[in-house]
There are 2 protein chains.
Amino acid sequence: MTGQRSPADLEAEILAALSHPNRIRILEYLRKDVRCNCELAPALDLEQSNLSRHLKILVQAGILVSWKEGLRVNFRVTDERVFKLVDLALAVAKHGIEERAGVLEQA
Amino acid sequence: MTGQRSPADLEAEILAALSHPNRIRILEYLRKDVRCNCELAPALDLEQSNLSRHLKILVQAGILVSWKEGLRVNFRVTDERVFKLVDLALAVAKHGIEERAGVLEQA
DNA sequence: ACACTCTATGAGTATACGCTCATACACTCA
DNA sequence: TGAGTGTATGAGCGTATACTCATAGAGTGT
């Protein structure tokens, strides 16, 4: 069932998990520190249940791991390379904007 | 309208455009060469209209550029870094699989 | 046991996405 | 001009996603 996924499928799963602004903002918040759900909600101005579902998506994709500490649930990035990935996405996005703005448009 | 997008929004747009297996397969096919729509369809076994829409998404995201050459439309990647991005996604995916498989689970 | 706090989830809704069929559009060549 | 080829798009369908409200679950302290 889960073992017959092609590289394209695996890549798409990771990228889909990252393809929402709020989930990227969550990652940004986790760039330096381990964080618990409770401090993410106010910082990102997200409904608690909404945040919980976004976090679940990131955990299920293997991008985050979570562990309980009393009432709280803490989160940590499993692979620092996701930050490089997100940074590359921004670079590619900016490149595309510049191209469309005509910076490189001399035929 | 389009100028008020945060970095997270920009990143999410690129990642969303890449978050489908068929679009990743399209990119893989473009990794070395410029390709036209007509040869992508049979190679990837996609319905023509379906492929056309996937290509449109990639173009609108600024990941591909297209130009006409007679009847055909050719496509080229605008920024080679998307390949690094996709490669990173695979690395992160495999890392997550290994972690879940218990390779790194000694507490 | 109880109240209290933090997190997860069921239910419902609105919107977005992916796909297909049919058809319109663009271009070439006779 | 008309036939032929390659691409784009409208319409329709089924599914997936994002969000919210309400509530259940899990852990703490009294």
Side-chain angles (χ1 to χ4, degrees), chain A residues 1-2 5-6 8-27 29-30 33-76, chain B residues 1-2 5-6 8-27 29-30 33-76:
Chain A
M1 289 280 186
T2 57
R5 286 173 301 176
S6 70
D9 290 330
L10 294 173
E11 292 156 8
E13 281 175 32
I14 291 293
L15 296 167
L18 296 172
S19 69
H20 192 286
N22 286 337
R23 291 198 285 274
I24 297 203
R25 291 168 63 215
I26 290 171
L27 275 188
Y29 216 80
L30 289 170
D33 279 320
V34 167
R35 297 290 180 174
C36 74
N37 201 324
C38 58
E39 55 181 323
L40 284 167
L44 303 179
D45 193 31
L46 293 178
E47 176 92 5
Q48 179 269 322
S49 62
N50 192 12
L51 171 62
S52 181
R53 291 181 209 272
H54 280 304
L55 287 165
K56 186 178 183 180
I57 289 170
L58 290 169
V59 170
Q60 286 180 334
I63 294 168
L64 300 182
V65 284
S66 64
W67 65 98
K68 299 205 70 166
E69 196 165 304
L71 272 179
R72 301 180 172 185
V73 180
N74 290 322
F75 294 89
R76 165 177 77 73
Chain B
M1 290 280 187
T2 57
R5 287 173 299 176
S6 69
D9 290 331
L10 295 173
E11 292 157 8
E13 281 176 33
I14 291 293
L15 295 168
L18 296 172
S19 69
H20 192 286
N22 286 336
R23 292 198 285 275
I24 297 203
R25 291 168 63 216
I26 289 171
L27 276 188
Y29 216 81
L30 289 169
D33 279 320
V34 168
R35 297 290 181 174
C36 72
N37 200 324
C38 57
E39 53 181 324
L40 285 166
L44 303 178
D45 193 31
L46 293 178
E47 176 91 5
Q48 179 269 324
S49 63
N50 190 14
L51 170 63
S52 182
R53 290 181 209 275
H54 280 303
L55 287 165
K56 186 177 183 179
I57 289 170
L58 291 169
V59 169
Q60 285 180 335
I63 295 169
L64 300 184
V65 284
S66 64
W67 66 97
K68 298 205 68 167
E69 196 165 304
L71 273 179
R72 301 180 171 185
V73 180
N74 290 322
F75 294 89
R76 165 178 75 74

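These figures come from a predicted structure and were not determined experimentally. By convention in this document, chain letters (A, B, ...) are assigned in the order of the sequence lines, proteins followed by strands, and residues within each chain are numbered from 1.
Between A/R72 and the phosphate of D/dT28, there is no side-chain N or O to OP1/OP2 separation shorter than 4.0 Å. Taking 4.0 angstrom as the limit, A/H54 places none of its side-chain polar atoms (N or O) nearer than this to OP1 or OP2 of D/dT17. Here B/K56 reaches the OP1 or OP2 of D/dT9: one of its side-chain N or O atoms lies under 4.0 Å away. Between B/N50 and C/dC19 there is a side-chain polar atom (N or O) within less than 4.0 angstrom of OP1 or OP2. For the OP1/OP2 pair of C/dA16 and a distance below 4.0 Å, the side-chain nitrogens and oxygens of B/H20 include no atom meeting the criterion. Residue B/N22 has a polar side-chain atom (N or O) positioned under 4.0 Å from OP1 or OP2 of C/dC19.
Here B/L46 lies out of heavy-atom contact (under 4.0 Å) with every strand.
For the pair B/Q60 CD and C/dC17 P, the computed distance is 11 Å after rounding to whole Å. Residue B/I57 contributes atom CD1, which lies 12 Å from atom P of D/dT9 at whole-angstrom precision. Atoms CG (A/N74) and C1' (C/dC6) sit 12 Å apart, rounded to a whole Å. Separating the CD1 atom of B/I26 from the P atom of C/dG18 is a distance of 11 Å, rounded to the nearest angstrom. Atom CZ of B/F75 is separated from atom P of D/dG6 by 15 Å (rounded to the nearest Å). Going from atom CH2 of A/W67 over to atom P of C/dA8 covers 13 Å, rounded to whole Å. In this structure, A/K68 atom NZ and C/dT7 atom P are separated by 9 Å, rounded to whole Å. Taking atom CG of B/L51 as the reference point, atom P of C/dC19 lies 11 Å away to the nearest angstrom.
Between A/S19 and B/S66, it is B/S66 whose nearest contact on DNA chain D lies nearer the 5' terminus. Between A/Q48 and A/L71, the residue anchored closer to the 5' end of DNA chain D is A/Q48, taking for each the nucleotide with the nearest heavy atom.
Put simply, the side chain of A/R53 and the base of D/dT20 share a donor and an acceptor less than 3.5 Å apart. Scanning atom types as modelled, no donor and acceptor separated by under 3.5 angstrom connect the side chain of A/S49 and the base of D/dC19.
Looking only at side-chain heavy atoms (C-beta outward), B/I63 and B/I57 stay at 4.5 Å or farther from each other. Under the 4.5 Å side-chain criterion, counting only non-hydrogen atoms from C-beta, B/D9 is not in contact with A/I24. When side chains are defined from C-beta on, B/Q48 counts as touching B/S52, because their heavy atoms get closer than 4.5 Å. Looking only at side-chain heavy atoms (C-beta outward), B/N22 and B/L51 stay at 4.5 Å or farther from each other.
Among all heavy-atom pairs drawn from A/L44 and A/R25, the shortest one is O-NH2, 2.9 Å.
For A/E47, counting side-chain heavy atoms from C-beta on, the closest listed nucleotide (D/dA26, C/dT28, D/dT20) is D/dT20.
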